[in-house]
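Keep in mind that this is a model prediction, so the values were computed, not measured. Note that the numbering runs from 1 along the sequence shown for the chain.
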Amino acid sequence: MLIPKEVFEPRRQHRQTPEAIKLIIVNFVVVSVGETLFFSPGHINWFFWVAIALLGLYNFFSLRRNLEVYSKTDKITFVVSMAVLVVLTGLVYYYQ
């Protein structure tokens, strides 16, 4: 049984997952794990802020390294996702 060679060739016109979406997913995962581990009722552990600072550094260098890859729409999406993360973090803290 022979497998056609087209099976293993990358598809043309296929960009895979855009860098901006990967960065947004990483941000949401890191913040949600940080909230789960380091929030307690009425108190936020100091390590949560360290994790957020490291995430900010990662975002800065990732954006700077891939600046030509990000379109204007990707940049707007990234800024909106950061605003959503801030609102969600505030809501989680408020309702604990």
Rounded distance (nearest 0.5 Å) linking atom [atom1] of [X] with atom [atom2] of [Y]:
X: Glu19; Y: Glu68; atom1: CD; atom2: CD; result: 10.0 Å
X: Leu91; Y: Glu35; atom1: CG; atom2: CD; result: 9.5 Å
X: Leu85; Y: Asn27; atom1: CG; atom2: CG; result: 6.0 Å
X: Phe47; Y: Ile52; atom1: CZ; atom2: CD1; result: 11.0 Å
X: Arg65; Y: Phe60; atom1: CZ; atom2: CZ; result: 12.5 Å
X: Lys22; Y: Asn66; atom1: NZ; atom2: CG; result: 9.5 Å

Would you say [Y] ends up clustered with [X] if hydrophobic residues are merged whenever their side chains have heavy atoms under 4.5 Å apart, either directly or through other cluster members?
X: Val87; Y: Val79; result: no
X: Leu23; Y: Val86; result: no
X: Trp46; Y: Leu54; result: yes

Val69 and Asp74: CA distance, side-chain angles, deciding distance, side chain to side chain contact (heavy atoms under 4.5 Å, CB included) verdict
CA-CA 9 Å; Val69 175; Asp74 290 338; 5.8 Å; no
Quick one, [X] and [Y] - any side-chain contact, counting heavy atoms below 4.5 Å?
X: Thr89; Y: Phe48; result: yes
X: Phe39; Y: Val92; result: yes
X: Leu67; Y: Lys75; result: yes
X: Ile44; Y: Tyr93; result: yes

Before you tell me yes or no, could you show the steps for Ile76 and Tyr70 under side chain to side chain contact (heavy atoms under 4.5 Å, CB included), namely the whole-Å CA-CA distance, both residues' side-chain angles and the distance that decides it to 0.1 Å?
CA-CA 10 Å; Ile76 291 170; Tyr70 295 114; over 6 Å; no
When you measure from the side chain of Ser81 to the backbone N and O of Phe78, does any donor-acceptor pair fall under 3.5 Å?
yes
